[in-house]
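As the structure is a prediction and not an experimental result, all values here were calculated from the model.
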Amino acid sequence: MASFATVGTSILSESTQILWLHQMDGQQPGDPQKAAAAAMIQVVNHPNPPLRLVLGADMLEVIHAKLGTVAADLADWKDVSIDTAFEGVAVSVISG
């Protein structure tokens with residue numbers, strides 16, 4: 001069974017995907033060899049390392065966009081979310 005990926009509105013065959021990947025090699029916005037190792041060492045040696053580390057400006061932008069969408073959904077549905085609580089029970093944050 002052939003695998004397919006969607007890029008925009010086009011469906012590409014597996015061979016076209018492989019060709020595209022080879023053409024993109026070294027053309028991505030981020031260079032994984034440039035800073036990934038240094039970033040990992042910095043994280044490991046940090047007294048308060050992050051739970052998640054985003055590498056690359058492109059991925060940082062993608063995640064910020066996703067967080068904006070999630071924040072908007074939370075705001076839009078806040079009243080519905082709150083209405084599911086027991087009456088008179090205080091809200092507390094679970095941390096760990």
Do the non-hydrogen side-chain atoms of Glu14 and Ile18 ever get within less than 4.5 Å of each other? yes
Taking atom OG1 of Thr69 and atom CG of Asp73, what is their separation to the nearest 0.5 Å? 7.0 Å
Which heavy atom of Val43 sits nearest to which heavy atom of Pro49, and what is that distance? O-CB, 3.4 Å
In this structure, would Ile41 and Val44 fall into the same cluster of hydrophobic residues linked by side-chain contacts under 4.5 Å? no
Hphob cluster co-occupancy, Leu67 + Leu74, side-chain heavy atoms under 4.5 angstrom: no
Do Met59 and Val62 come within less than 4.5 Å of each other through their side chains, counting heavy atoms only? yes
From NE2 (His46) to CG (Leu53), nearest 0.5 Å: 11.5 Å
d(Asp58 CG, Ile63 CD1) to nearest 0.5 Å is 9.5 Å
